[in-house]
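Have a look at the structure below, then the notes.
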Amino acid sequence: MYKLLIVDDEWFAVEGIEKGIDWSSLEFSEIHKAYNTEQAKEIIARIPIDIIICDIEMPDGNGIELMEWIKERFPAIEAIFLTCHADFKYAQRAIHLGSFEYLLKPVEGELLRQTAKSALDKLVEDRRTKQLNEAYSQYFDLWEAKRPVLYERFWQDLFWQRIIPMKSHIEKAIASYMLPLPINSKVLLIMISIEQWGKKLNTQDEEIMEYALRNAAAEMILGKQSGQVLQDRNGVHFVLLYSDESQKPDVTFEQLKKSCKLYIEACSKYLFCSISCYIGDWVPLNTVWQSYNLLLQMEHNNVTLSKFVFFSNEQPNDIEALQLPALFEWSEFMELGKLDELDLLANDMFGQLRKEAKVTSETLGALYHSLLQTIYYVLHKRSISVQTIFANGEALDQAMAVKSLDQLQEWTKRMFRMVTEHLVAVERGSTVVDKVKNYIADHMYDEISRDDLANCVHINSSYLSRLFKKEVGISLTDFIVQERMRTARDLLIHSDEMVSNIAKSFHYTNFSHFSKMFRKHYGMNPQDYRKQFYKSKQN
């Protein structure tokens with residue numbers, strides 16, 4: 001509802017405007033009147049006026065002066081001016097002050113009503129726009145504050161292949177994270193390896209020093225170039241440089257080497273730590289994960305040099321990183337239930353490994369974790385706990401899996417088959433739910449536990465609860481109560497059994513609790529329900 005103020009030095013003009021129009025039809029709940037500018041100011045100062053209809057010519061101060069006062073203090077008020085003279089100077093000044101309309105007296109009632117309605121429409125739209133702008137500003141400020149974290153999450157997901165390394169998937173993720181990065185960009189990774197702290201630090205001090213390390217890297221290595229400095233989920237620090245594929249990078253490898261050397265010296269002198277820098281090559285977005293793994297492998301293989309700058313393209317062949325399998329392809333086959341295709345991938349990969357003379361236990365360990373990561377990715381995507389499938393943990397025993405290439409191949413096929421078959425079973429979840437419903441119906445008068453139901457369908461009890469609620473819309477417990485109350489209702493109207501005995505048959509030792517649950521489902525207690533049924537039957 002809105003508030004209107006009518007201002008005119010002639011009382012009959014004010015009364016005519018007030019009485020001549022049905023203001024309530026425009027949702028005006030209050031009509032206020034003033035006969036000079038001072039009265040108008042006093043009313044506006046204490047009452048939130050929405051629309052003002054004001055005469056311009058008044059003996060003790062004109063409407064233009066009042067409008068100037070209003071716009072300084074209450075700019076949201078919409079003003080409609082009335083005047084007996086078509087003076088262009090007045091109209092020009094009124095328009096300049098932002099008045100909504102300028103009408104000549106005598107004004108027709110319908111014209112004034114339509115003008116007031118239009119002013120209200122503008123007022124409503126302006127307020128809505130203001131609210132949207134304020135909400136947008138709040139969300140934008142929040143997004144601005146969270147932007148570094150969002151960008152960091154994108155790279156984390158790309159490193160760990162939570163984003164499938166295909167152009168369409170990466171492009172979608174870039175848009176989702178609102179990352180200002182063209183899809184055809186190339187990225188160069190520089191890994192900062194903290195080798196040793198010069199003084200003993202507690203956990204908090206170490207976090208502060210690592211924060212200082214990242215800030216220094218942003219200033220000394222990244223500088224004014226496009227990119228980001230971040231820390232991965234394992235606590236390793238990276239500098240990322242971006243470059244458009246169509247343009248030559250702004251920095252050379254020699255310049256990067258020089259910057260990294262200065263950075264290493266500064267960290268040693270001012271931040272009391274020994275670090276090395278591992279510089280990758282310019283790679284497209286879909287192979288960033290390979291560059292990431294390669295730098296980690298380089299660091300793992302370095303056991304002799306400290307405070308050094310390494311280049312991935314200068315590494316000898318014998319310490320090149322293991323080229324891990326295309327995880328997105330494996331995950332897609334798992335989700336589609338294509339066991340034969342998964343077996344072919346495994347046979348091909350392990351066949352190639354058998355031709356390599358340099359496969360070591362470390363190779364098998366890296367491959368084990370790569371494959372395990374793929375399984376975790378697929379299960380996480382479906383919101384399925386690892387414990388649902390690998391409850392005893394024996395299947396995930398790394399020591400047994402990596403004893404030999406043959407054992408790792410056997411482990412791979414077995415694990416991927418278990419996951420795939422479980423995903424297929426989930427797709428047939430309605431069958432599981434039907435079995436559970438049938439079990440409940442057959443054991444209506446027994447005490448039923450969640451474990452009993454899980455055992456009858458041979459799946460994890462926690463997973464069953466989630467699956468049942470997703471398929472049916474209510475929890476297992478609520479469904480059991482619902483079915484028992486439905487059966488209790490049937491007994492009430494089709495038998496003469498005492499209500500207390502009916503309650504006991506469903507293991508309700510507390511009759512008031514049974515009555516409360518029945519009322520929740522049928523709106524009245526069991527006794528009243530039975531009486532009402534018999535009464536309606538007699539009628």
Side-chain angles (χ1 to χ4, degrees), residues 1-138 140-141:
M1 303 299 281
Y2 304 99
K3 298 177 178 61
L4 173 69
L5 173 62
I6 305 170
V7 186
D8 198 308
D9 62 314
E10 298 176 335
W11 69 268
F12 61 86
V14 173
E15 294 298 314
I17 293 172
E18 180 188 13
K19 306 297 184 185
I21 296 173
D22 180 11
W23 294 108
S24 63
S25 66
L26 297 180
E27 298 187 15
F28 282 104
S29 59
E30 297 179 19
I31 309 296
H32 298 272
K33 297 175 284 187
Y35 301 99
N36 55 57
T37 57
E38 289 304 314
Q39 284 184 2
K41 290 178 181 178
E42 187 274 330
I43 292 172
I44 292 171
R46 59 184 178 81
I47 298 173
I49 297 297
D50 299 298
I51 304 290
I52 179 173
I53 298 175
C54 181
D55 186 23
I56 286 186
E57 296 93 0
M58 290 182 286
D60 62 339
N62 63 42
I64 296 294
E65 292 171 351
L66 176 61
M67 188 64 181
E68 289 174 342
W69 180 87
I70 289 173
K71 285 302 175 184
E72 285 182 4
R73 296 164 176 79
F74 307 96
I77 294 177
E78 292 292 345
I80 300 171
F81 281 134
L82 305 178
T83 181
C84 294
H85 305 289
D87 191 325
F88 177 71
K89 289 184 178 179
Y90 272 137
Q92 188 180 43
R93 183 61 178 152
I95 292 170
H96 178 73
L97 287 170
S99 67
F100 182 78
E101 189 56 273
Y102 183 89
L103 302 176
L104 291 176
K105 288 182 176 181
V107 61
E108 294 181 3
E110 182 58 25
L111 175 61
L112 183 56
R113 182 185 181 282
Q114 289 297 329
T115 303
K117 182 179 184 303
S118 298
L120 268 181
D121 291 343
K122 181 178 182 298
L123 184 76
V124 171
E125 181 62 26
D126 288 348
R127 288 179 179 176
R128 191 177 74 87
T129 301
K130 182 181 178 183
Q131 289 175 346
L132 288 174
N133 287 338
E134 288 175 351
Y136 171 80
S137 179
Q138 290 177 350
F140 181 79
D141 291 343

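Please read these numbers as outputs of a predicted model, since none were measured by experiment.
Scanning for side-chain contact (heavy atoms from CB on, under 4.5 Å) contacts around Q131 gives an empty result, with sequence neighbours left out. Evaluation of the side chain to side chain donor-acceptor pair (under 3.5 Å) rule for E27 yields no partner, not counting sequence neighbours. Scanning for side chain to side chain donor-acceptor pair (under 3.5 Å) contacts around N36 gives an empty result, with sequence neighbours left out. Partners of A34 by side-chain contact (heavy atoms from CB on, under 4.5 Å), not counting sequence neighbours, listed by chain and number: L5, V7, Q39, A40, I43. Partners of K130 according to the salt bridge (charged side-chain N to carboxylate O under 4.0 Å, His left out) rule, which considers only residues two or more places apart in sequence or in another chain, do not exist here. With sequence neighbours left out, the salt bridge (charged side-chain N to carboxylate O under 4.0 Å, His left out) criterion links E110 to no other residue. Taking the side-chain contact (heavy atoms from CB on, under 4.5 Å) definition, one finds that T129 meets it with E125, N133, sequence neighbours left out. In this structure, the ring-ring contact (aromatic ring centres under 6.0 Å, His included) partners of F28, at least two apart in sequence or on a different chain, are W23. Residues passing the side chain to side chain donor-acceptor pair (under 3.5 Å) test with R46 are E42, sequence neighbours excluded. For S29, the side chain to side chain donor-acceptor pair (under 3.5 Å) test picks out no residue, with sequence neighbours left out. In terms of the side-chain contact (heavy atoms from CB on, under 4.5 Å) criterion, residue partners of K117 (sequence neighbours excluded) are, by chain and number, L26, Q114, D121.
Taking the side chain as every heavy atom from C-beta outward, I44 and W69 approach each other to under 4.5 Å. Two residues are said to be in side-chain contact when any heavy atoms from C-beta on lie closer than 4.5 Å; L120 and Y2 meet this criterion.
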Enumerate, atom names and distances included, each donor-acceptor pair closer than 3.5 Å involving a side-chain atom of residues 10-19, sequence neighbours excluded.
unit_1: E15; atom_1: OE2; unit_2: K33; atom_2: NZ; d: 3.2
unit_1: E18; atom_1: OE1; unit_2: K33; atom_2: NZ; d: 3.1

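Between atom CG of residue L4 and atom CD of residue E30 there is a gap of 10.5 Å, rounded to the nearest 0.5 Å. We find the NZ-CD1 distance between K3 and I31 to be 11.0 Å, quoted to the nearest 0.5 Å. In this structure, OG1 in T37 is found 11.5 Å from CG in D55, a value given to the nearest 0.5 Å. Put simply, CD1 on I80 and CG on L112 are 6.0 Å apart, with the number rounded to the nearest 0.5 Å.
Closest non-hydrogen pair, A119 versus I51, comes out as CB-CD1, 3.8 Å. Scanning both residues, I77 and I49, for their nearest heavy atoms gives CG1-O, 3.3 Å. Of all heavy-atom pairs spanning R113 and S25, the tightest one is NH2-OG, 3.3 Å. Residue G109 comes nearest to I21 through the heavy atom pair O-CD1, 3.5 Å, listed as atom of the first residue, atom of the second, then distance. The two residues M1 and D50 make their nearest non-hydrogen contact at O-OD2, 4.4 Å.
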